[in-house]
Amino acid sequence: MIGWAARILLVLLVALVTMIMTVPMSVVADRAQGQVPGLGWAQAQGTIWSGRLSNIAYGPQAVGDVNLKLRPASLIQGRMSYYISLDGPVASGTSRAYVQRGVIGVAALDVTARLEQLVGLNATVRNAGGIARLSNVDVELNEHGCRSASGQLWTDSLVNLGQQYGEELPELAGGLGCDDGMLVLSLSGAEDNGIEVDIHLRVGVREPSRLEAEISGASGEIAQALNALGFTVDNGRFVYVRESSLAGSGG
């Protein structure tokens, strides 16, 4: 009797695994896409066991191609979790991603992005080049927006920009968090010459994104460059604020 039960269980298990291995990747991809308006891709290939999303984009920003491999143990926890690798002209890196009961998340994300490829940046900053690095990033999103976020950020974008004007500008470092459903990225840095920089980027799932930057201690050619970039002076500090939707583009 036990032998027959074991055989039936084995048959059911094989049938379940076979079903999982043959379900198209587009099924999971469409579910994730519904959680993040503005997220899209050209093609979903493979199955939910192992697949690929080609030419991923978030609004006007091209991202690259993502390979996904299912973590079978995650099914026991009632979620679909994947090992993912990102590769493209904009960014490269690795992470884990999961979908569970109306929540989409990424964990242990380590990505390096090439700033000259980011359309949301001012053209002058893009042309200066440099990289942005995200390390140990965990983010969860639901229908209301950002639910939790943590991790580290770093970029040398201002170092490269300062070199064009013969001035030392600082590297920027910071972290991520959530505020009222929006993903918040905060960066700051300072140089011995007295220049201090604070940047806050609020990214909404459905709301417009908002960039706020404040720079103190700037003078000479750097001050002229900041004026040309659209900064205004407020109490001796250069201030820049810009809002943009997914349909927007860089200035």
Side-chain angles (χ1 to χ4, degrees), residues 61 86 89-95 106 108-139 146 148-180 182-204 208-244 248-251:
Q61 177 64 63
L86 171 65
V90 179
S92 59
T94 60
S95 181
V106 297
L109 182 146
D110 287 285
V111 167
T112 299
R114 301 159 188 86
L115 297 178
E116 69 270 14
Q117 299 291 335
L118 298 182
V119 299
L121 290 179
N122 182 279
T124 301
V125 178
R126 290 203 310 272
N127 292 337
I131 63 173
R133 185 172 297 135
L134 294 83
S135 306
N136 300 316
V137 171
D138 295 343
V139 177
C146 184
S148 64
S150 63
Q152 294 81 48
L153 308 173
W154 174 89
T155 180
D156 63 353
S157 60
L158 292 187
V159 175
N160 293 357
L161 184 63
Q163 290 174 352
Q164 296 184 3
Y165 300 96
E167 184 66 82
E168 291 187 2
L169 293 179
E171 297 179 356
L172 301 177
L176 298 87
C178 293
D179 180 34
D180 195 23
M182 300 192 77
L183 176 64
V184 181
L185 295 78
S186 299
L187 292 160
S188 62
E191 274 292 343
D192 293 338
N193 57 14
I195 293 181
E196 297 182 359
V197 181
D198 289 290
I199 296 176
H200 300 279
L201 174 61
R202 297 170 60 87
V203 181
S209 298
R210 181 179 176 87
L211 173 65
E212 300 178 358
E214 292 188 1
I215 300 177
S216 62
S219 60
E221 289 192 40
I222 288 295
Q224 295 177 25
L226 292 175
N227 283 323
L229 288 171
F231 280 76
T232 58
V233 179
D234 183 14
N235 291 326
R237 295 172 64 89
F238 287 88
V239 178
Y240 181 82
V241 177
R242 183 171 71 89
E243 289 191 353
S244 62
S249 60

Worked check of side chain to side chain contact (heavy atoms under 4.5 Å, CB included) between L109 and L134: CA-CA 7 Å; L109 182 146; L134 294 83; 4.0 Å; yes
Check your understanding: Stepwise, does the salt bridge (Lys or Arg N to Asp or Glu O under 4.0 Å) test hold for R126 with E116?
Key -> CA-CA 4 Å; R126 290 203 310 272; E116 69 270 14; over 6 Å; no
task: Just do the side chain to side chain contact (heavy atoms under 4.5 Å, CB included) check on V111 and R133 with the steps written out, would you?
output: CA-CA 6 Å; V111 167; R133 185 172 297 135; over 6 Å; no
Requested in this report: Start with the C-alpha gap between S157 and V159, add the side-chain angles, then the distance that decides, and say whether side chain to side chain contact (heavy atoms under 4.5 Å, CB included) holds.
Outcome: CA-CA 6 Å; S157 60; V159 175; over 6 Å; no
*Kindly determine whether D198 and R237 satisfy salt bridge (Lys or Arg N to Asp or Glu O under 4.0 Å), including the steps that lead there.*
CA-CA 11 Å; D198 289 290; R237 295 172 64 89; 3.7 Å; yes
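Looking at every heavy atom in both residues, L118 comes nearest to Q61 through CA-OE1, 3.2 Å. The heavy-atom pair separating A218 from L226 by the smallest distance is CB-CD1, 3.8 Å. Here the closest heavy-atom approach between residue H200 and residue S186 is recorded as ND1-OG, 2.9 Å. The nearest pair of heavy atoms linking S209 to V203 is OG-CA, 3.6 Å. Heavy-atom minimum distance, A149 versus L183: CB-CD1, 3.6 Å.
Considering CG of L161 and CD1 of I222, their distance stands at 6.0 Å, rounded to 0.5 Å. Between D110 atom CG and Q152 atom CD the span is 9.0 Å, to the nearest 0.5 Å. Rounding to the nearest 0.5 Å gives a distance of 10.5 Å between CD of E243 and CG of L211. One distance of note links CG of L185 with CG of L172; it measures 12.5 Å at 0.5 Å rounding. Here the CD-CD distance, from E221 to E167, works out to 9.0 Å after rounding to the nearest 0.5 Å.
In this structure, N193 contributes its side chain and E168 its backbone to a donor-acceptor pair below 3.5 Å. Proximity of a side-chain donor or acceptor of T155 to a complementary backbone N or O of I131 within less than 3.5 Å is detected. Formation of a donor-acceptor pair under 3.5 Å by the D138 side chain with backbone atoms of A108 is found in this model.
Contact of the I215 side chain with the I195 side chain is registered, since non-hydrogen atoms from C-beta on lie closer than 4.5 Å. Contact of the L86 side chain with the T94 side chain is not registered, since no non-hydrogen atoms from C-beta on lie closer than 4.5 Å. Counting heavy atoms from C-beta on, the side chains of P170 and E196 never come closer than 4.5 Å. Here the side chains of F238 and E214 are not in contact, with every heavy-atom distance at 4.5 Å or above. Under the 4.5 Å side-chain criterion, counting only non-hydrogen atoms from C-beta, Y240 is not in contact with L229. Looking at V197 and L169, their side chains never come closer than 4.5 Å, going by heavy atoms from C-beta outward. Using a 4.5 Å cut-off on side-chain heavy atoms (C-beta onward), L153 and L176 make contact. Side-chain contact between V137 and S135: absent, with no pair of heavy atoms (C-beta onward) separated by less than 4.5 Å.
By the neighbour-count criterion of 12 heavy atoms within 6.0 Å, atom CG of D180 is sparsely surrounded, having that number or fewer from other residues, nucleotides or ligands.
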